[in-house]
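Report on the structure given below.
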There are 2 protein chains.
Amino acid sequence: MNVTIYDVAERAGVGIGTVSRVLNDSPHVREPTRQRVLQTITELNYQPNPMARGLSLKRTNTIGIVIPFFTRPFFVEVLRGIDNELLQHGYNLILYDVEQKELKDYYLRELPMRRRVDGLLLISLCLEEVDVRAITRVRLPIVLVDSRHPAFSSVSVDNVGGARTAVAHLIENGHQRIGFISGRLDDPFGFPTSSERFAGYRQVLKEHDLPFHEAYHQIGEFNAQSGYECMKRLLALAQPPTAIFATSDTQALGALRAIQETGGQVPQDFALVGYDDIEVSQYVGLSTIRQPMFRMGQEGARLLLQQLENSQDEPEPTCIRLPVQMVIRETSTQSLN
Amino acid sequence: MNVTIYDVAERAGVGIGTVSRVLNDSPHVREPTRQRVLQTITELNYQPNPMARGLSLKRTNTIGIVIPFFTRPFFVEVLRGIDNELLQHGYNLILYDVEQKELKDYYLRELPMRRRVDGLLLISLCLEEVDVRAITRVRLPIVLVDSRHPAFSSVSVDNVGGARTAVAHLIENGHQRIGFISGRLDDPFGFPTSSERFAGYRQVLKEHDLPFHEAYHQIGEFNAQSGYECMKRLLALAQPPTAIFATSDTQALGALRAIQETGGQVPQDFALVGYDDIEVSQYVGLSTIRQPMFRMGQEGARLLLQQLENSQDEPEPTCIRLPVQMVIRETSTQSLN
DNA sequence: CTGTTAGCGCATTCAC
DNA sequence: GTGAATGCGCTAACAG
């Protein structure tokens, strides 16, 4: 029913070995024969069966992405970067969306065993030692994106530095009371985004001899609603901060709304800096720390592809560190509004 | 190196046939034997090779999603719905992101041939006859989401009705000059979102004896930036509309910004209704037409899974029609601000 | 009930 | 150079 390599061989009057050779551009085929085979391949519209190919080659030609909450713009962009790179190299992408920690553990421990993917790309996920063992034991190529681990290649950004820049910017603009809206420092998925940025925040405060107020640090989820609520709490303080740094643009947008709702002016009354530089930010005039999200995905995919090429030797992990960049817009500067 | 069915069989002292049987819960295995096999399976941490299984079964256990611009919140939500349903049934998901029409054509024509997926889920994509032939010829199960075609099952929403509700709502609130911000009516991907909603828009205008002004219809992309620009153009008119209906919340957010920037008040000066009900909308107070995005994905996946179950008989296509719902918030009502 | 065998479609030795 | 044979890991049909 489906056209196989045998059909092609027969029709072209050659053996399947030869067909296989032209399929894999082996040099050991005479040009006329190659042409003839190529010809009948298009005639029959033959497509090699990837399963059979995989079974024989012991490769699946697909790589797995383990990603939490891919609802967040950040993850979507990273995913696009990955997809873009992978498709160009003929790899398929298979998605594992882990919205809960149990799922993450499950995948991280089971996935390496099932030979469904040639490699794994983990996004914003921290590895426990159990996972590390499971992965290294089967020698599954793996690279971390937006996360790090000594044993594996990774591409990450400087969260501490990004936060430092943001807070320093706020201080330079004359702010002394700076609020911080973040996710949980002890993130259930273990990713250090919040805690690293928190560290940067505190460092800069300290360097400028500014006190750290527990109440100025509001913790929530990475969404607008949560940012809104956090800001409400900040506004309810006896002496609210005059500037807010949020760990994501989405949260910042929520905060913006809370401010506006209570009649506050941005940036006159409150300065605001987010993180990510998602699409709407540019547009809403939100100052932010731009992460190269698309590129992070791209580089991560490249790293993994490289590992797949020279799979013979165990390469030492390479860590790519991508720069973040402060984007100053209206929500943080008096001048531009 | 990797543990196979033979290893299990040997260790358990049975033939591979038996192992295969317990793997596929065949009733023809005595309980003691089954237990013994199960036992050694966990002992060896055996995982059946999906490629081999697929090759033998002629199934891949993965389904493909063809999706344009999955950067848009709408697509992300649909995707989540699909992912959610599929994973529960042990299916894997493989993503084909088609950002350009050529890619779409390529995938739609090649994918059916390569036996990489058991079925296809097309999101917001319109089929040309060439595609239809390619698909039906190989009898690849396929379901359309947010689109329709007589030959296939689909899950869609009432775009005309949704637009009607939105515009009617605006008129009821006293507006006579209603602008419309949409995508191209002759969408390159062929999806009828814009044109259907445009139809609804015009219907209601007509029913209320309101004239249709060409200039009130601004066409752009489905993003904030474009919504912003469209609104700017509307504002530049000698007699701008007092209400705007946009085909997506993102566009509406852009429009909102444009209004605010020129000092306009919402909803006092301008009423605004979007489409989709994405996360931020609730939160920004944007009136909108809510689409059950997550559910659309879910239902689409279910439909496809059903088709995969009873693959023997060619079932007649079933079309699920999901309701949309007007969500009235601050941007369209005087009362609530 | 259970072991054995024959494919599934392709890559890869080997001989020729 | 090229064809035939073998194996990849598993399911299913066939004997016991």
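Values reported hereafter were calculated over all heavy atoms of this structure, with side chains retained and with hydrogens, waters and symmetry mates removed. Chain letters run A, B, ... following the sequence lines, proteins first and then strands; every chain starts at 1.
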*For the side chain of A/Arg34 and the base of D/dG1, is some donor closer than 3.5 Å to an acceptor across the two?*
no

Tell me whether the side-chain N/O atoms of [X] come closer than 4.0 Å to OP1 or OP2 in [N].
X: B/Ser56; N: C/dG7; result: no
X: B/Arg53; N: D/dT11; result: yes
X: B/Thr18; N: C/dG3; result: yes
X: B/Arg21; N: D/dT11; result: no
X: A/Tyr6; N: C/dA11; result: no
X: A/Ser20; N: C/dC10; result: no
X: A/Asn24; N: C/dA11; result: yes
X: A/Lys58; N: D/dG9; result: yes

Rounded to the Å, how far apart are [X] [atom1] and [N] [atom2]?
X: A/Arg59; N: C/dC10; atom1: CZ; atom2: C1'; answer: 13 Å
X: B/Glu10; N: D/dG9; atom1: CD; atom2: C1'; answer: 15 Å
X: B/His28; N: D/dT11; atom1: NE2; atom2: C1'; answer: 14 Å
X: B/Asn61; N: D/dT11; atom1: CG; atom2: C1'; answer: 14 Å
X: B/Leu44; N: D/dG9; atom1: CG; atom2: C1'; answer: 15 Å
X: B/Asn49; N: D/dC8; atom1: CG; atom2: C1'; answer: 8 Å

*Main-chain N/O of A/Val22 paired with A/Ser26 side-chain donor or acceptor, under 3.5 Å*: no

*Could you tell me whether the side chain of B/His149 and the main chain of B/Ala151 form a donor-acceptor pair under 3.5 Å?*
yes

*Map B/Tyr46 and A/Ile16 onto DNA chain D by nearest heavy atom, then report which one ends up closer to the 5' terminus.*
A/Ile16

*Toward the 5' end of DNA chain C, which comes first, B/Pro27 or A/Leu57, by nearest nucleotide?*
B/Pro27

*Examine A/Arg72 relative to A/Phe222 and say whether NZ or CZ is less than 6.0 Å from the centre of the six-membered ring and inside a 45° cone about the ring axis.*
yes

For a quick check of understanding: with a heavy-atom distance under 4.0 Å over all strands, which category does [X] fall into, base, sugar-phosphate or nothing?
X: A/Val14; value: sugar-phosphate
X: A/Leu55; value: base
X: A/Thr4; value: sugar-phosphate

*Would you please say whether a donor-acceptor pair under 3.5 Å links the side chains of B/Asp118 and B/Thr60?*
yes

*Would you indicate which nucleotide in D/dT11, C/dC10, D/dT2 comes nearest to any side-chain atom of A/Ile5?*
C/dC10

_If I compare all heavy atoms of A/Cys126 with all of A/Ser147, which pair ends up nearest, and what's the gap?_
CA-OG, 4.2 Å

